[in-house]
Number of protein chains: 2
Amino acid sequence: MSLPHAILTALLERPSSGLELARRFDRSIGYFWSATHQQIYRELGRLERSGCIRALASQRPARGRKKEYEVLPAGRAELTGWVSGREDPKPVRDALLLRMRAAAVVGTDGLPDELRRHLALHERQLADYADIEARDFSGRPGTAAETTPERTEAPTEADRLRHLVLRAGMDLERLWVDWLTEALREISAAPAGPDGA
Amino acid sequence: MSLPHAILTALLERPSSGLELARRFDRSIGYFWSATHQQIYRELGRLERSGCIRALASQRPARGRKKEYEVLPAGRAELTGWVSGREDPKPVRDALLLRMRAAAVVGTDGLPDELRRHLALHERQLADYADIEARDFSGRPGTAAETTPERTEAPTEADRLRHLVLRAGMDLERLWVDWLTEALREISAAPAGPDGA
DNA sequence: ACACTTTGTGCACCTGGTTGCACAAAGTGT
DNA sequence: ACACTTTGTGCAACCAGGTGCACAAAGTGT
């Protein structure tokens with residue numbers, strides 16, 4: 001049950017219409033919670049019905065008419081509660097790891113190509129994040145490489161938290177890049193064949 | 001569509017009944033793909049109907065009667081194809097990162113406790129993996145700390161792949177431990193308050 | 001006036017995972 | 001003989017996310 005909270009967060013940062021939200025999900029928010037525009041509209045409807053958000057009365061509602069939403073006190077309260085609440089981390093569920101495990105049984109034929117493909121994808125994603133970091137967080141240290149110590153302005157608490165989240169994304173991509181590299185070396189060391197030795 | 005493949009893999013490693021599979025999912029398989037026993041039974045039914053697996057004729061089927069399955073050639077072929085096929089990595093979707101981002105907007109009240117709780121959970125999981133590694137892979141190097149170079153036997157290819165998968169799990173847990181530690185330091189540096197500065 | 005594209009909203013359906021519960025056989029204690 | 005627990009199988013309902021498609025208004029070119 002995270003999508004409504006993702007939307008509330010986005011709406012608190014800036015009141016938006018459904019399509020604007022969808023675009024923001026494709027960018028900054030999407031790197032830790034993705035959603036399609038259909039999901040977003042559906043959820044906006046629910047949030048409005050439950051009194052968490054309200055449509056700004058810019059134009060009277062009609063099918064193809066833009067509709068902007070803002071968060072109501074109830075919505076903010078809901079979000080505040082959710083942030084501090086308890087919710088266990090969900091167990092890992094990764095298809096690639098599963099495929100690797102399956103390859104231990106049926107052989108690694110064709111796997112290396114797929115691993116290389118994933119490697120390229122993760123390298124690309126990492127590079128994109130690095131760009132975002134350079135743009136939005138002016139290359140401050142964090143986990144990243146060091147740049148010239150040209151701090152323009154002391155970052156706000158909110159900035160530091162957002163940077164932290166981005167860094168988690170970068171760390172994850174780096175993890176996969178490293179792991180895939182290691183996996184490719186491991187596999188090429190002893191080519192393949194159904195089941196080991 | 002990974003659960004059927006997870007089951008095929010498990011069944012190839014050793015023919016089992018539904019409950020045995022469920023138990024194995026709670027242990028080794030569960031660290032990258034979890035499933036409840038209900039899911040497993042449902043999927044076993046589908047796999048049998050589609051000719052990928054077959055029930056061993058130990059007893060004639062009845063409601064409370066144990067039923068063991070083995071993989072048929074069609075099932076092995078299906079799995080082999082899946083291993084080498086294309087399947088993009090799914091975008092990250094992590095509720096904790098989302099909550100952190102929300103905290104940047106509504107404040108970090110109550111968050112540190114939750115972060116500490118997650119930290120403990122991940123440390124625990126990492127320790128469990130380390131135990132498994134020591135038991136099943138006799139503490140060979142990998143990403144882990146070095147032990148005495150007492151290689152008992154050269155590992156098979158299958159062993160090395162399974163170890164690789166386990167190491168990915170360990171790397172992930174380590175990532176969260178490190179990130180949570182950093183996050184806690186970052187937050188305690190400037191206590192809280194709704195929105196930054 | 002007309003077709004075409006872009007921006008914007010939304011429904012209907014499907015799928016995979018989760019929860020709750022029920023049913024059946026076999027073993028265990030009294 | 002009886003109740004109780006353990007082992008084992010399974011259905012039904014639900015829920016969140018994903019896909020496909022439709023509809024509406026406004027702008028753009030000819």
Side-chain angles (χ1 to χ4, degrees), chain A residues 1-8 11 15-26 29-30 32-50 53-69 82 87-95 98, chain B residues 1-8 11 15-26 29-30 32-50 53-69 82 87-95 98:
Chain A
M1 267 269 301
S2 299
L3 178 57
H5 301 104
I7 291 178
L8 288 172
L11 245 29
S16 309
S17 68
L19 195 69
E20 281 162 2
L21 278 175
R23 286 205 249 266
R24 291 169 64 195
F25 268 81
D26 281 345
I29 300 170
F32 52 88
W33 202 274
S34 57
T36 62
H37 75 270
Q38 294 94 327
Q39 273 176 281
I40 291 168
Y41 283 117
R42 184 201 296 159
E43 209 57 49
L44 283 171
R46 283 181 195 154
L47 285 167
E48 187 174 28
R49 255 172 276 131
S50 70
I53 63 175
R54 172 177 60 175
L56 294 173
S58 41
Q59 292 115 151
R60 83 198 151 300
R63 178 90 181 190
R65 274 311 187 36
K66 188 170 171 174
K67 212 159 65 173
E68 295 222 305
Y69 291 93
W82 182 69
E87 195 176 311
D88 285 342
K90 292 196 306 184
V92 176
R93 194 174 257 175
D94 187 287
L98 191 52
Chain B
M1 268 266 302
S2 298
L3 179 57
H5 301 104
I7 291 178
L8 287 173
L11 245 29
S16 310
S17 69
L19 196 67
E20 282 162 2
L21 279 175
R23 287 205 248 264
R24 291 170 62 195
F25 268 81
D26 282 345
I29 300 170
F32 52 88
W33 202 275
S34 57
T36 62
H37 76 269
Q38 294 95 326
Q39 269 176 283
I40 290 168
Y41 283 117
R42 185 203 296 164
E43 208 57 50
L44 282 171
R46 284 180 195 155
L47 285 167
E48 187 174 28
R49 257 172 275 130
S50 70
I53 62 174
R54 172 177 60 177
L56 293 173
S58 40
Q59 293 116 148
R60 83 197 151 301
R63 178 91 181 188
R65 273 309 186 38
K66 187 171 173 175
K67 212 158 64 172
E68 295 223 306
Y69 292 92
W82 183 71
E87 195 177 312
D88 286 342
K90 293 197 305 184
V92 176
R93 195 173 256 176
D94 187 287
L98 192 52

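Lettering follows sequence order; numbering is per chain, from 1.
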Open item on the list: So, does A/Lys90 get its side chain near the phosphate of C/dG17, meaning an N or O under 4.0 Å from OP1 or OP2?
Closed with: no

TODO: Could you tell me whether the phosphate oxygens of D/dT9, OP1 or OP2, come under 4.0 Å of any side-chain nitrogen or oxygen in B/Arg42?
DONE: no

Just how far, in rounded Å, is [atom2] of [N] from [atom1] of [X]?
X: A/Asp94; N: C/dG17; atom1: CG; atom2: P; value: 13 Å
X: A/Met1; N: C/dT18; atom1: CE; atom2: C1'; value: 15 Å
X: A/Leu19; N: C/dT5; atom1: CG; atom2: P; value: 19 Å
X: B/Glu43; N: D/dC11; atom1: CD; atom2: C1'; value: 15 Å
X: B/Arg93; N: D/dA16; atom1: CZ; atom2: C1'; value: 9 Å
X: B/Ile40; N: D/dT7; atom1: CD1; atom2: P; value: 17 Å
X: B/Tyr41; N: C/dG17; atom1: OH; atom2: P; value: 18 Å
X: B/Ile7; N: D/dT9; atom1: CD1; atom2: P; value: 12 Å

TODO: Sequence neighbours left out, what passes ring-ring contact (aromatic ring centres under 6.0 Å, His included) with A/Trp33? Give chain and number order.
DONE: none

Task: Side-chain donor/acceptor of A/Arg24 to backbone N/O of A/Ile29, under 3.5 Å - done: no

Pairing nucleotide - [N], Watson-Crick or G-U, each distance under 3.5 Å:
N: C/dT9; answer: D/dA22
N: C/dT19; answer: D/dA12
N: C/dG27; answer: D/dC4

Open item on the list: Do B/Glu87 and B/Met1 make a side-chain contact, defined as non-hydrogen atoms from C-beta onward lying under 4.5 Å apart?
Closed with: no

- [ ] Give B/Ser2 one of three labels, base, sugar-phosphate or nothing, depending on what nucleic acid heavy atoms sit under 4.0 Å from its own.
- [x] nothing

Task: B/Glu43 with B/Arg46: basic N within carboxylate O range, under 4.0 Å - done: yes

Task: Selection from C/dT19, C/dG17, C/dT9 that lies nearest to any side-chain heavy atom of B/Trp33 - done: C/dG17

Task: Under 3.5 Å donor-acceptor pair, B/His37 side-chain atoms to D/dG8 base atoms - done: no

- [ ] For B/Arg46 and for B/Gln38, find the nucleotide of DNA chain C with the closest heavy atom, then tell me which residue's nucleotide is more 5'.
- [x] B/Arg46

TODO: Indicate the atoms forming the closest heavy-atom contact of B/Trp82 with A/Ala95, along with that distance.
DONE: CH2-O, 3.9 Å

